[in-house]
Structures are given as structure tokens and as C-alpha cells.
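Indexing begins at 1, ligand by ligand and atom by atom, following the structure's order. Scope of the values below: all heavy atoms of this structure, side chains included, with no hydrogens, waters or symmetry mates. Just so you know, residue 1 is the first one in the sequence shown, and it goes up from there.
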Amino acid sequence: MDKYVIIGNPISQSKSPLIHTLFAHQTGQAMTYEVLQAPVENFNKAITAFFANGGRGCNVTVPFKEDAYGMATMLTERARLAGAVNTLKNLDERGILGDNTDGEGLVQDLLNHHVQLKDAKVLLLGAGGAARGVILPLLMHIPETLVIANRTVSKAKSLVSLFSGCGRVSAATFHSLHNAEFDIIINSTSASLFGEYPNIPASAISNNSIVYDMVYGPGVTSSNQWALAQGASRVIDGLGMLISQAAESFTVWRSIRPITGQVLRELHHNISE
Ligand code: ATR
């Protein structure tokens with residue numbers, strides 16, 4: 001049995017073991033996937049021990065994505081630009097591969113929902129690690145514009161300077177969104193985790209806008225409730241992104257791509273219980 005874990009702190013609530021166990025059954029892979037809680041100061045030691053004991057790969061979550069970036073001996077382009085790693089693969093004598101599948105997870109989930117990025121006017125709310133991880137994969141689908149708006153606009157501007165060579169991307173304050181309308185609004189802020197919403201002008205949301213909140217929960221997230229009240233045509237939460245990033249990590253490790261639809265239905269059921 002090949003061993004995989006998700007490493008984080010805290011980690012007991014993670015849905016990843018359930019998702020990857022379902023993928024392993026579906027694809028007939030002989031593997032285990034468990035949670036590994038590492039002390040906040042001891043990520044490198046925990047990973048070194050796990051790989052020394054035969055671990056083949058891991059997912060990495062809060063607060064260790066930057067430590068994992070530092071530990072990888074080889075990085076994919078998308079991980080390098082994300083500045084963070086959520087997937088490590090043990091390449092034995094060839095070292096440790098670091099990848100970031102979060103952005104591809106978002107893009108795949110948008111495609112699964114038949115949301116077209118090409119030529120779309122896209123607004124990305126937030127400018128933290130979650131935003132940074134999705135910018136390159138979004139730009140690869142050639143939206144007409146990608147506007148990054150953040151409460152603290154200086155962080156949005158820093159992201160724009162990092163990614164300006166990758167596509168048409170610009171920064172905005174929340175207030176300056178008064179005169180713009182967007183086809184797709186992607187909310188990478190943590191607002192919904194606190195029952196809040198990003199306080200953008202309601203006029204940025206039209207009755208053609210699709211709003212995607214990276215947060216998920218048993219009901220409609222607080223940001224998505226607000227977006228619906230402003231007239232959004234459709235809201236989507238981040239559960240599908242979680243499952244699609246997992247499918248992408250699984251593919252990196254096992255070179256076989258699991259199908260996500262059935263797993264999404266099981267997870268919906270699981271989080272509503
Ligand atoms: P993550 O790694 O999940 O992106 P983070 O780096 O702490 O987490 O970033 C959180 C993001 O959510 C930031 O963009 C933050 O805005 P500020 O940079 O202005 O702090 C945003 N955020 C959190 N709560 C918010 C709220 N209630 N309204 C708007 N933005 C919010």
C-alpha cells in the first residue's frame with residue numbers, strides 16, 4: 001500500500017482523506033490516505049520522517065504551504081508563481097516535486113459548471129494566498145480582463161506586478177468597482193468564514209453575473225447569500241474546487257485522473273449531515 005497524507009495544523013476536520021479514499025476505490029489504486037498533524041514549528045521534520053518511512057506524497061494545507069514551497073527540490077511553474085505548494089511528490093533519489101493544484105481545481109470546477117472563462121470579464125476578490133494560487137490558471141484561459149480587487153488595495157497591486165507578464169490583469173479598490181460589471185466574480189476572501197461578505201458596490205453584480213465563493217459549507221455561504229440578494233444570476237461554492245484540486249493532486253501522484261461527479265455528490269451529502 002502506498003502511503004499519502006494531508007499535513008496541516010489543525011487538520012482533523014479535513015475532507016481530503018474521504019475524497020482520496022473514494023478516488024482510490026474508483027480507480028483501483030492500492031493506497032492509503034490519512035491526516036498528519038505537524039507541530040507548527042516542525043513541518044520539515046514531519047515530512048522528512050514521513051518520506052523516510054515510505055510516504056509517496058502529501059497534500060499540504062494551512063499553515064504549511066509556504067514551508068512546502070521551501071522544501072520542494074523541484075517546482076512546477078504554477079507552484080512557483082503561486083509562491084505556495086499544496087502537493088508534494090516523493091521522487092526518491094530525484095528529490096521532492098512541489099506543485100500547486102488549487103488554481104487548476106478552481107478552473108476545472110468552473111468548467112464542470114459550464115462557466116466560460118475565455119473572453120469573460122472576471123473579477124477576483126481578495127489578494128491573499130488563495131487569490132495568488134488561482135491567478136495563473138485563470139489567465140491561461142484568456143479572460144477578456146482579470147481585475148483583482150482587495151480591501152487593502154496595495155496587496156492587489158503587488159499581485160498585479162507579479163502576474164502582469166501572464167495576461168491582462170489589473171488592480172482595483174472595492175469602491176472603484178462602481179462603474180464596472182463582471183461576468184464572473186470569484187471570491188477568494190475569507191469573509192464567509194466569519195459570516196461576512198466583501199463589501200463591493202452592488203452594481204458590480206448584474207443579473208448575468210456568476211459568483212463563485214471559494215468557501216463552502218452546509219448551506220449557501222454568507223457571501224453568496226449577499227450576491228444573490230444583489231441579483232447575481234447564479235452562485236457556486238468552493239466544494240467542487242476542493243474536490244477538483246484533490247483530483248489534480250491524485251493525477252500528479254498516480255498518473256490516473258479520477259472522475260469527480262460522484263465524489264461531489266457524496267461530499268455534499270457528508271457536509272449536510
Ligand atoms: P488566504 O490565504 O485564504 O487568502 P489571507 O492571506 O489571510 O488568507 O487573505 C485573506 C483575504 O481575505 C485578504 O484579501 C483579506 O483582505 P485584506 O487584505 O484587506 O485583509 C480578505 N478578507 C477577509 N475578510 C474580509 C472581509 N470581511 N471583507 C473583505 N475582504 C476580506
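- Heavy atoms of other residues, nucleotides or ligands lying less than 6.0 angstrom from NZ of Lys121 number 12 at most.
- Using the six-membered ring where Trp is involved, Tyr197 and Trp226 have ring planes that are parallel, under 30° apart on the 30 and 60° scheme.
- At a cut-off of 3.5 Å, with distance as the only test, a side-chain donor of Ser192 or Asp213 sits close to an acceptor on the other residue.
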Which N or O atoms of ligand 1 sit under 3.5 Å from a protein N or O, and how far apart is each pair?
from, atom 1, to, atom 2, distance (Å)
ligand 1, 2 (O), Gly129, N, 3.4
ligand 1, 4 (O), Gly129, N, 3.1
ligand 1, 4 (O), Ala130, N, 2.9
ligand 1, 6 (O), Gly129, N, 3.4
ligand 1, 12 (O), Ser190, N, 3.3
ligand 1, 14 (O), Ala127, N, 3.0
ligand 1, 14 (O), Asn150, OD1, 2.7
ligand 1, 16 (O), Asn150, OD1, 3.3
ligand 1, 18 (O), Asn150, ND2, 2.9
ligand 1, 18 (O), Lys155, NZ, 2.6
ligand 1, 19 (O), Arg151, NE, 3.2
ligand 1, 19 (O), Thr152, N, 3.1
ligand 1, 19 (O), Thr152, OG1, 2.5
ligand 1, 20 (O), Arg151, NH2, 2.9
ligand 1, 27 (N), Glu196, OE1, 2.7

Test salt bridge (charged side-chain N to carboxylate O under 4.0 Å, His left out) applied to Asp99 and Arg78, step by step = CA-CA 7 Å; Asp99 198 357; Arg78 60 192 182 185; 2.8 Å; yes

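- With hydrogens and angles left out, the side-chain atoms of Asn86 and Asn59 include no donor and acceptor closer than 3.5 Å.
- Relative ring orientation between His113 and Tyr212 is described as perpendicular, the plane-to-plane angle rising above 60° on a 0-90° scale split at 30° and 60°.
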